[in-house]
Enquirer: 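Okay, handing you the structure first.
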Amino acid sequence: MTSLDVLLAPPGSPASPPTTIGDDPAEALLQELYAYPPRAAGGWVRANMVSSVDGAATGADERSGSINGPADLRVFTTLRALADVVLVGAGTVRAEGYRAPEIAEPLRSARLARGRSAAPALAIVSARGDVPTEVLRGGSPPWVFTTDDAPGVARLRAELPSDHLHVHPGTVDLARVRTTLVAAGLPAILTEGGPSLLGTLLAAGLVDELCLTTSPQLVGGPAPRPVAGIGWLSPPARLGLAHLLHCEGVLLGRWLVEHQ
């Protein structure tokens, strides 16, 4: 397993530098570093994204997997193990081949010991209601948030339990998405994008935290940035660095959003 060097951590943390986080299938130190704060019980949106050094959210294949690696995978796996629900845009579901999240041992046993489900739920935002059949029928049904004029809404009504399909008038109201998930007992929300969904969440002031992996690559091309699909944020969202990890040139930062 790839070791992670802690470059910066909160004062008093057992992972305070200099520390190297070595092989640990239970990811005890990473789970402590990325633990949701106590106030997350009222709802907390954490975003997890990857970027090349020149700001691309994907490689030339238009997938994030081509610019990440083992270090990012360790954090990705830990973040999923801590989340109640993974929130993602339908375009990313199709491009990245999403399925219902699964958590491997011993992270799954730790979740169950804390009285949580074996894996986080999957929630999908789709203005057109275009969700792959494999996702709708594979494992636990996802939560889907769509619009009343979506071309695929009739199909979704036929495929999903009524409490997992939420149809909004005109556009998907992301504040209502957050409220709905929290009310369903899923307050620890992990969004994995894509860039347009993250941009819209940021513009609505709904993101509490950004976990950003910077991959030591330059890819060029017309790839989107980790935040896309919106105009300038005014004022810009200010971030505070909670911790920073390093592995063979890969930087993994946890940034807290300073709400105005």
Side-chain angles (χ1 to χ4, degrees), residues 43-68 72 76 79 85-98 122-132 135 142-153 156 166-181 189-215 217 219-239 253 255-260:
W44 185 271
V45 177
R46 163 184 283 164
N48 184 37
M49 299 292 286
V50 62
S51 170
S52 66
V53 170
D54 56 339
T58 72
D61 61 356
E62 300 183 350
R63 301 183 69 168
S64 62
S66 60
I67 60 170
N68 61 23
D72 181 69
F76 174 89
L79 296 185
V85 59
V86 176
L87 176 66
V88 66
T92 297
V93 168
R94 295 189 297 269
E96 302 280 353
Y98 268 66
L122 178 64
I124 301 169
V125 175
S126 177
R128 296 180 52 81
D130 185 6
V131 179
V135 178
W143 295 75
V144 177
F145 298 86
T146 189
T147 63
D148 53 2
D149 59 355
V153 70
L156 293 174
H166 294 263
V167 180
H168 296 181
T171 60
V172 176
D173 183 337
L174 293 176
R176 282 182 59 193
V177 171
R178 174 174 170 151
T179 300
T180 298
L181 293 174
I189 302 167
L190 171 64
T191 181
E192 297 172 352
S196 293
L197 176 60
L198 177 54
T200 308
L201 286 165
L202 281 166
L206 296 172
V207 178
D208 300 294
E209 175 182 333
L210 172 64
C211 297
L212 180 66
T213 296
T214 303
S215 175
Q217 301 182 47
V219 301
R225 295 188 298 171
V227 177
I230 57 170
W232 294 100
L233 293 173
S234 181
R238 295 189 60 84
L239 307 176
W255 301 86
L256 303 180
V257 179
E258 299 175 1
H259 291 294
Q260 303 297 318

Enquirer: Shortest non-hydrogen contact from N68 to G65?
Expert: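 Closest pair (atom of N68, atom of G65, distance): OD1-O, 2.9 Å.
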Enquirer: What is the minimum heavy-atom distance between H168 and D173, and which atoms define it?
Expert: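 The pair with the smallest heavy-atom distance is ND1-N, 2.9 Å.
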Enquirer: Give me the atom names and distance for the closest heavy-atom approach of V88 to L197.
Expert: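 Shortest heavy-atom separation between V88 and L197 comes out as C-CD2, 3.6 Å.
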Enquirer: What residues, two or more places apart in sequence or in another chain, satisfy side chain to side chain donor-acceptor pair (under 3.5 Å) together with S215?
Expert: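 Residues passing side chain to side chain donor-acceptor pair (under 3.5 Å) with S215: Q217.
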Enquirer: Between T92 and E192, does the side-chain contact (heavy atoms from CB on, under 4.5 Å) criterion hold? Intermediate values first, please.
Expert: CA-CA 9 Å; T92 297; E192 297 172 352; 6.0 Å; no
Enquirer: Any idea which heavy atoms bring L212 and P226 closest together, and the distance?
Expert: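 Shortest heavy-atom contact: CD1-CG, 4.3 Å.
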Enquirer: What residues, two or more places apart in sequence or in another chain, satisfy side chain to side chain donor-acceptor pair (under 3.5 Å) together with T214?
Expert: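 With neighbours one apart ignored, the set is empty.
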Enquirer: Hey, could you give me each pair passing salt bridge (charged side-chain N to carboxylate O under 4.0 Å, His left out) that has a residue in residues 46-57? Not counting sequence neighbours.
Expert: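 Only R46-E209 qualify under salt bridge (charged side-chain N to carboxylate O under 4.0 Å, His left out).
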Enquirer: Would you check if the side chain of T58 reaches a backbone N or O of A223 as a donor-acceptor pair within less than 3.5 Å?
Expert: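 No.
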Enquirer: Look at the side chain of S126 and the backbone N and O of T146, then say whether any donor-acceptor pair between them is shorter than 3.5 Å.
Expert: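 A pair under 3.5 Å: no.
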Enquirer: With rounding to the nearest 0.5 angstrom, report the CD1 to CG distance, I189 to L181.
Expert: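 Here the rounded value is 5.0 Å.
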Enquirer: Does H259 use its side chain to pair, donor to acceptor, with the backbone of L206 at less than 3.5 Å?
Expert: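 Absent.
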Enquirer: Among residues at least two apart in sequence or on other chains, which ones pass side chain to side chain donor-acceptor pair (under 3.5 Å) with D148?
Expert: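 Residues passing side chain to side chain donor-acceptor pair (under 3.5 Å) with D148: none at all.
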Enquirer: Please name the pair of heavy atoms, one in L239 and one in V257, separated by the smallest distance, quoted to 0.1 Å.
Expert: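 Scanning both residues completely, I find the closest heavy atoms to be CD2-CG2, 3.7 Å.
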Enquirer: Quick check: closest heavy atoms across D208 and W44, and the distance to 0.1 Å?
Expert: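 Closest approach of D208 to W44: OD2-CA, 3.3 Å.
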Enquirer: Quick check for you: to the nearest 0.5 Å, what is the distance between I230 atom CD1 and L198 atom CG?
Expert: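 If I round to the nearest 0.5 Å, the distance is 8.0 Å.
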Enquirer: List for me each residue that meets side chain to side chain donor-acceptor pair (under 3.5 Å) alongside D61, sequence neighbours excluded, and say none if there are none.
Expert: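 Testing D61 for side chain to side chain donor-acceptor pair (under 3.5 Å), a comparison that skips the adjacent residues, returns S66.
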Enquirer: Assign the ring pair H166 / F145 to parallel, tilted or perpendicular, where the plane angle (0 to 90°) is split at 30° and 60°.
Expert: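 Aromatic pair H166/F145 classed parallel.
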Enquirer: Not counting sequence neighbours, list each pair that qualifies as a salt bridge (charged side-chain N to carboxylate O under 4.0 Å, His left out) and has a residue in residues 85-98.
Expert: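 Passing the test, one end in residues 85-98: R63-E96, R94-D130.
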